[in-house]
Q: 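Mind looking over this structure? Questions follow.
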Amino acid sequence: MNGLLLTAQSSGFEVPWLSLLIALPLVGAMVMALFPAEQRGLHKGTALFLMLAELGLSVPLVTRFQSDYRAFQFVEQHDWIEQWGIQYLVGLDGISLWLVMLTTLLGPIMVASSFKAVEKHHKEYYISLLVLESAVIGALVALDTFLFYIFWEVMLIPMFLLIGVWGGKNRVYATVKFFLFTLVGSLLMLVAILYVYFKTNTITADGTNSFALSALLAVDLTSAEQTWLFLAFGLAFAIKVPMFPLHTWLPDAHTEAPTAGSVVLAAVLLKMGTYGLVRYAMPMFPLGMLKMAPYMAILAVIGIVYGALICIYICKPKEKDSFFRAMWSSSAGEGADEDVKRLIAYSSVSHLGFVVLGLAALTPQGVEGGVLQMLAHGISTGGLFLCIGILYERRHTRQITEYGGLTSQVPIFAFFFLIIVLSSAGLPGLNGFVGEFLVLMGTFTSAVIPGRILTVVAATGVILGAVYLLWMFQRVMFGPLNNPKNRTMKDMNLREIAYLTPVVLLCFVMGVFPNLFLDHVRPSVHEFFRIFNAKVERDRSADREATARELQAALSSMPGGDRLVLIEETPGESLESVGTVVLGDADDAGTRLRLAVDAEGRLSWMER
Amino acid sequence: MDYGKDLLALTPFFVGVAAAVLVVLVDAFHRTEKPRTYVAYLAFIGLGLVGIAAMAVGLWLPPTEAFGGMYYHDRFTSFLTVLFSIGAMVTVAVSPKYLRENSAERGEYYALIILAVTGMILMAGAGDLIMIFLGIEVMSVSVYVLVGFFRYSGKAAEASMKYFFLGAFASAVFLYGAALVFGATGSTGLEAIGAAVQSATQDGTGTIVHLLNGGGQELDPLFSIGMMLILVGLGFKIALVPFHMWTPDAYEGAPASSVAFMATAVKAAGFAALLRLAFTAFGPEVARIDTGGWVQILFYLSLLTVIVGNVLAIVQDNLQRMLAYSSIAHAGYALIGLVGAGAMTGVVDADQTMVLGHLGSASVLFYLLAYTFATAGAFGVLAYLGSKRAEVKTYDDLNGLGYKYPAMGAFMVIFMLSSAGIPPTAGFVGKFYVFQTAVTASGEVGNNSFLYLVIAAVLASLAGAYYYLRVIVRLYMAPAKRETPALQSYFAKWVLAGCAAATIIAGVLPSVFMKASRSAAASMSDVGVSYDFSDVSVIATRPPRGYNPVKPDKDEKNQGEADTAPEGEAKAGGE
């Protein structure tokens, strides 16, 4: 299929690692469904064992991954619904590799953090977590758009239940909002997938249609079509990320979700949005992407600054009844403007703005930085939610004002919390720094967006990030221990130390040795740009050919136009300007015309 | 004349009639007040036999026009017969317990269900307008009684009365339309109508489709009005907006088990007649006409139905009313498949072998299958959970029931997700299939309005997701309110489990079901179709695609196959 997307073809028997990874939690969940409801220890043990087994099963992915190899690896391909050309097609590249690893690593951590926190319906809770794990991995490794869509939607159901059943006070509102927001985007994406699918019969060998990503990538689409399709895909992913004006579901969902739900939501589910942009929307519709990149970047930067400002507002000590407080209480519930979890939710909006900015910059550093930032954000924000979960288990409140001066009371917790806060704030040497730095570098040199201004504005986001995170830490951990309820607070127990240690270690490893991760990511990013540029080139030339035909027709209808011939053609620089052509009678120098195609694909030209 | 084969083709019908008679007889000899669950078992087995008989004749008996073209026997009829019996079997399975709770356990309930199924079989296989009418009446009279089966309930009486009056009115409208079509074409046979329509177009001197001077086509008013009245009559039966007004009232007042039957089998029967009429009698000529062709009429009806059904379902508090509006919306989705298929009637693919329109109508059949499992299941769960003192009528009655009845809760979640079209359920594949058909049509015909129809339907299904989610929210996320336990019934439980399993299986491995619906839809052209697709002057072929760089030459490929074939024969001969 035009060789746009390479998949490694293996000979002989290969262990189906990816299928095993998808199947293990799912089968485990089915077995758990048969367990008696009362035996809590059994449920916890089984869930933890399954998640650890899943983590162990994912280790070979890293050890067997060939980082110098740009094609997809661990590929498995089976026919699924032949009538529609739907395949079970999965594979892994450097971008999805680390996201899968992040998911499997967080699996046991999520289970371990829920032992105390979950108070009802234990069995169903762990079943939901396992199904979610399975669906997320499936969506990350799927290379068939139909398969991807199935996993993408299936992800919603366990998350819907996690928030709705085990969430906080306002959980039903939050979970329905989460579900419907995500569904709006995905349904339009489905229509867009169908639209491209019907064009795939022009490129497959036997004239049948296919949902495979490689087939969809090879379809020729006009510039106008690409813009619409990119918007349909982009909306689905932008809601999931979430990008600035579409982010309102996230604070509600995060605040109401149980700790493990928040962790998986922040660490993995939000990444599905940015991952979808890299994997599907951008390479499939490069012309649309080029057109939309400035808007995406601007929205991303607005998100960065807006999220940070809201966080600062939450940190700020407030007067009893100000106008803003009244507004917040009416929209998000009493005490929402003091809620630590809500603060972290908005910080997610800000941090994921960097990822989108890096992708929109369309430079190798930008995309690499975006991918790395996805991982870093997964680790540090996941860690932040775990820390807040630990506090919440002890005090059952998330209000900043309820805390203060905890350091002396819970020193071990303070140590872990501080490292995670600093990593989230982007301190050099910890994981948050590398991604943000690469993104800013990539943005600065970008040719498709107003890079310099955006870099400057986004960089203020980094500073504001340090401000609100350290302020939050100061108000929760430092100062006098005024609240008597905090005097009986217990420090972290072994279980909690056990699940936070890997998070903290990863903060250091990613910060000091980013190349450990980037070495795998880089070839895939190169491959991404190879596909992207090749497709831009091809689509533009197709556009140009169509324009030339149109021009020929228009010329021949002009009086004397049939004598005019094309003497010289110079391709245009920007997307809109198709180029300059020189036309004339065969003998004289002729007229110089500048050609342009407007958004609807109509041709216009002017003399110059 | 030898009617042996014709009678054989009607085996499912005879099995149904025999089962109904047997049920009534057995019930007549039951004199005590003891539960008469075994009557339900008998009806269940009888319906199962109807389904098996339908499968058997569908697979092994070649398609025929039985009784001089009055009854078409093909896989289409068989497929739908199986569908009817599935809907009826689920109903029968949940009924005994439900009827006993409401002190209305009488054997004739089951007999009426089976008789309604026999009427539906006639509708699906009808080759003549008169036959369709007979089928409608046999079915409807039984269903009127099923709706009002709780004799002492005022609401049931009201529902039955409303349904009866509007249903009778709709039948009359249908009949009037049939009379007009007869006047225009001189026949009531579907095949003859199709032939009249086609011959009229071919020589340009016909009376039904006039060729205009500008090159377009125009329908004869007599035929046009007749066709519209027929569509209106069937629109009542399948509850299309704006002919849907009776639905919420009838569904609310009727016993939940009866609604399980009404919402699935009756609707499927209406669609069966509609598909048969659309593809056999009205055909591609009338489909392609831009103003007043049946594709255009159904296009607007489906748009209205999907939007109105979904939006009105949001504001309902009563579950049966909500499911009534949702079933209206589902009819709209299925109709989108029919619209897409209709737009492609007569369009054959490049090999001149497949009729895309018929293949498209397979999406309607698949959708009906998915819908039957989910909707019959959902009403079945409502019937199961309802006990005498605490019926499940509103959302509030569902609060916390998911934990009290874990199995029923899980089934309900599956049925709701399927109705909302969330993977991995049959409902998702069904929606995907009908949307796919409409998008294909948009590409084949070069008309973007089908694409916009799909986008509108997709957005409407978002509203749908909201009210289906509300059910799940109530089941699992609200504190339990009531104490009254429902009666246990393993029979009902296992049948509902089967429905849930089928919903998941058809969602994960849809190939088998798709193959069945495709072969059913394709076999519609085996009987009763008078136009042939070899005549390229009448039938549009697929328009050439644009830029086509890699596709190999079809002829070359065929040539290769032709070359290798004789070799194989020679080998066989040699041995």
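Below, chains carry the letters A, B, ... as their sequence lines are ordered, and counting in each starts from 1. For clarity, every value in this text was computed on a predicted model and none was experimentally measured. Just so it is clear, the values below take in all heavy atoms, side chains as well, and ignore hydrogens, waters and symmetry mates.
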Q: Find the one option among B/V429, B/L509, B/V508 whose heavy-atom pairs under 4.5 Å with chain A are most numerous.
A: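 Among B/V429, B/L509, B/V508, the one with the most close pairs to chain A is B/V508.
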Q: Would you mind checking which part of A/V165 comes under 4.5 Å of any heavy atom in chain B, side chain (CB onward), backbone (N, CA, C, O), both or neither?
A: both
Q: Any salt bridge (Lys or Arg N to Asp or Glu O under 4.0 Å) pairs touching residues 421-434 of chain B, not counting sequence neighbours?
A: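 Every candidate salt bridge (Lys or Arg N to Asp or Glu O under 4.0 Å) pair involving residues 421-434 of chain B fails, so no pair, neighbours aside, qualifies.
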Q: What are the residues of residues 120-137 of chain A, in order of number, with any heavy atom under 4.5 angstrom from a heavy atom of chain B?
A: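 So the qualifying residues are A/H121.
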Q: So which of A/W84, A/F160, A/Y197, A/Y195 has the largest heavy-atom pair count under 4.5 angstrom toward chain B?
A: A/W84
Q: Can you give the donor-acceptor pairs under 3.5 Å from side chains of residues 448-456 of chain B to other protein atoms, not counting sequence neighbours?
A:
unit_1	atom_1	unit_2	atom_2	d
B/S449	OG	B/N447	OD1	2.7
B/S449	OG	B/N447	ND2	3.4

Q: Does A/E537 have any side chain to side chain contact (heavy atoms under 4.5 Å, CB included) partners at least two apart in sequence or in another chain, and if so, which?
A: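 Expected list: none.
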Q: Can you say whether B/F428 sits under 4.5 Å from chain A via the side chain, the backbone, both, or neither, judging by heavy atoms?
A: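 Interface part for B/F428: side chain.
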Q: Would a 4.5 Å heavy-atom cut-off, applied to side chains only, mark A/M159 and A/F178 as touching?
A: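 Counting from C-beta outward, A/M159 and A/F178 do come under 4.5 Å.
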Q: Looking only at the side chains, is there a donor atom on one of B/S302 and B/Y333 sitting less than 3.5 Å from an acceptor on the other?
A: no
Q: Heavy-atom cut-off 4.5 Å, strictly under: side chain, backbone, both or neither for A/S186 against chain B?
A: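 Neither; nothing under 4.5 Å.
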Q: How many angstroms lie between CG in A/L187 and CG in A/L180, if you round to the nearest 0.5 Å?
A: 10.0 Å
